[in-house]
2 protein chains.
Amino acid sequence: MGRPREFDVDHALDCALELFWRKGYEGTSLSDLTDAMGITRPSLYATYGNKEELFRKVLDRYDDTCMSFTREALEEPTARAVVVKLLYGYADAQTDPQHAPGCLGTSGALACSDEAEPIRQELIGRRIAGEAALCRRLEQAKLDGDLPPTADPTNLARYVMTFAQGMAVQAASGADREALYQLCDTVLLAWPSH
Amino acid sequence: MGRPREFDVDHALDCALELFWRKGYEGTSLSDLTDAMGITRPSLYATYGNKEELFRKVLDRYDDTCMSFTREALEEPTARAVVVKLLYGYADAQTDPQHAPGCLGTSGALACSDEAEPIRQELIGRRIAGEAALCRRLEQAKLDGDLPPTADPTNLARYVMTFAQGMAVQAASGADREALYQLCDTVLLAWPSH
DNA sequence: CTGTTTATATATCGATCGGTAAAAAACCAG
DNA sequence: CTGGTTTTTTACCGATCGATATATAAACAG
């Protein structure tokens, strides 16, 4: 009971996502957010907590939607197929014309004030978690005989994620999708084959 | 004539550099700057202009000091030597314990408010200029027969810079120097014709 | 209808943001 | 010394920051 909410929580979250993606955590003000989300400041606080909690909810939605391909990629049958799907998936996400260029997880709070330090740490944690998931998948590939016994899953996972993060910077600098695809092609030349 | 300045302009610039490096352009406030530089607000404005001009002067100093190895690298005799010196130089700079981890040019303003957009564009311009300089060097290497005729200097330069930028994100996430060195080793496996 | 609950709208909070005006202080030329 | 120049010091500007108190509006239960 009570007065029904007049806006869609997830749709407003998507509007916040777009803003944070383009301007980063600190570059986005509450006035920016309420304008884009079409709600008032008290509604935002009542629904999402505060700016920091809103950003975390935005991150979760980002993972659930724009980054869902990463979990699908880990289910590919071979290590190479996993990495191919990951790299081209990142290239697509970072140059999707429907969103800001680049990656929210990379450019959201790479350097920030002390006040935003918890958000920076949150993003670091998510980057490390993603890298660890890929590392585990590559260890499994090694057991499968899908990667040579000399392969170093930790280093390979870091190699792939480093490239994805570099592509995010490239996309944020204006690189188009074709350029990123070419980069992915080049990266895959170094992928160990058995 | 007139009252002599009581602080060292370049030393204060170094203090500002450290702050901008760690907190980014928008994450660093004027109070942060004056505290760290040991000067008052009017002194800062009289000497450096304003926050934006100060940041540009900091960028110039960053290039002249921490990034000087990039120009030396371009003078190496072979394309491979150029890239080796570039990549390990970036790895060193991004994990120098004397400074904040990462790269000022990458994390200074990757995503920001509209107000800081000129600074974001400035950084994009410098990234593109650096990539273009490497591209020209690789074109020369092709003429020297130092790279195979099939090599694509534009893509190779972008490949190297993408990796350097990815390493900056890795360093900002806590990766240590040894990890970055391993990444460089892996990258160089894909370099055409050793 | 009345009472309760929840969401909205309005107005505002203290703190901090980047940026300056004005006066005092330290130098040099004469 | 005095006059001119530059820097420093002190105090402050309007705007915006993230966050709220208060009051009104819209739903349901009885």
Side-chain angles (χ1 to χ4, degrees), chain A residues 1-13 15-17 19-20 22-59 108-109 111-122, chain B residues 1-13 15-17 19-20 22-59 108-109 111-122:
Chain A
M1 47 174 152
R3 178 173 174 173
R5 186 176 281 124
E6 294 182 2
F7 64 96
D8 182 77
V9 173
D10 281 342
H11 175 257
L13 214 50
C15 297
L17 169 57
L19 264 184
F20 279 130
R22 182 162 62 86
K23 298 186 169 189
Y25 176 70
E26 286 196 306
T28 307
S29 72
L30 280 180
S31 296
D32 290 338
L33 289 165
T34 52
D35 286 353
M37 299 166 84
I39 64 177
T40 62
R41 209 166 283 223
S43 292
L44 188 151
Y45 277 82
T47 307
Y48 306 99
N50 59 15
K51 188 186 179 186
E52 192 172 317
E53 290 184 40
L54 170 62
F55 188 76
R56 293 180 202 273
K57 289 180 171 64
V58 161
L59 280 183
C112 61
S113 73
D114 295 339
E115 192 188 357
E117 183 65 17
I119 291 299
R120 195 179 74 91
Q121 291 298 330
E122 168 87 39
Chain B
M1 46 175 156
R3 177 172 177 172
R5 186 175 280 125
E6 296 182 2
F7 64 95
D8 182 78
V9 174
D10 281 342
H11 176 255
L13 214 48
C15 297
L17 169 56
L19 263 184
F20 279 130
R22 182 162 63 87
K23 297 186 171 189
Y25 176 70
E26 285 197 308
T28 306
S29 72
L30 280 180
S31 297
D32 291 337
L33 289 166
T34 53
D35 286 353
M37 299 167 84
I39 64 178
T40 61
R41 209 165 283 224
S43 293
L44 188 152
Y45 276 83
T47 307
Y48 306 99
N50 58 15
K51 188 186 180 185
E52 193 172 317
E53 290 184 39
L54 170 62
F55 187 76
R56 293 180 202 272
K57 289 179 170 63
V58 161
L59 280 183
C112 60
S113 73
D114 296 339
E115 193 188 354
E117 183 65 17
I119 291 298
R120 195 179 73 92
Q121 291 297 329
E122 168 87 39

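If you're wondering where the values come from, they're calculated on a predicted model, not measured in any experiment. A, B, ... follow the sequence lines: proteins, then strands. Residue 1 opens every chain.
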Q. Can you name the nearest heavy-atom pair linking L19(A) to T28(A), along with the distance?
A. O-OG1, 3.5 Å
Q: Please name the pair of heavy atoms, one in K51(B) and one in Y25(B), separated by the smallest distance, quoted to 0.1 Å.
A: NZ-O, 3.0 Å
Between [X] ([atom1]) and [N] ([atom2]), how many Å, whole number?
| X | N | atom1 | atom2 | value |
| --- | --- | --- | --- | --- |
| D32(B) | dG19(C) | CG | P | 14 Å |
| M37(A) | dA7(C) | CE | P | 14 Å |
| Y45(A) | dA11(C) | OH | P | 19 Å |
| D35(A) | dT16(D) | CG | P | 12 Å |
| L33(A) | dC17(D) | CG | P | 10 Å |
| E53(A) | dG18(D) | CD | C1' | 14 Å |
| L30(B) | dA15(D) | CG | P | 18 Å |
| L44(A) | dT6(C) | CG | P | 19 Å |

Q) Heavy atoms under 4.0 Å, any strand shown: does S113(A) hit a base, just sugar-phosphate, or nothing? A)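 The residue S113(A) makes no contact with any strand.
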Q. Which part of the nucleic acid does T28(B) contact within heavy-atom distance under 4.0 Å: base, sugar-phosphate only, or nothing?
A. sugar-phosphate
Q: Take nucleotides 2-11 of chain D nucleotide by nucleotide from the 5' end and write B, S or -, depending on whether a protein heavy atom sits under 4.0 Å from the base, only from the sugar-phosphate, or from neither.
A: ---BBBSBB-
Q. Taking only residues two or more places apart in sequence, or in another chain, which ones meet R56(B) in a salt bridge (Lys or Arg N to Asp or Glu O under 4.0 Å)?
A. E52(B), E122(B)
**Q.** Exercise: do S43(A) and R5(A) side chains pair donor with acceptor under 3.5 Å
**A.**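 Note: S43(A) and R5(A) side chains miss the donor-acceptor criterion.
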Q: Ignoring hydrogens and angles, tell me if any N or O in the side chain of T47(A) forms a donor-acceptor pair with the backbone of L44(A) under 3.5 Å.
A: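 Answer holds: no.
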Q.
Using a 3.5 Å distance criterion without hydrogens, assess whether the side chain of Y48(B) forms a donor-acceptor pair with backbone atoms of V9(B).
A.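 Yes; judged by distance alone, with no hydrogens or angles, the pair exists.
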Q: Would you tell me if any nitrogen or oxygen in the side chain of S31(A) comes within less than 4.0 Å of OP1 or OP2 on dC17(D)?
A: yes
Q: Determine, stepwise, if the pair E26(A) / S113(A) fulfils side chain to side chain contact (heavy atoms under 4.5 Å, CB included).
A: CA-CA 8 Å; E26(A) 286 196 306; S113(A) 73; 2.4 Å; yes
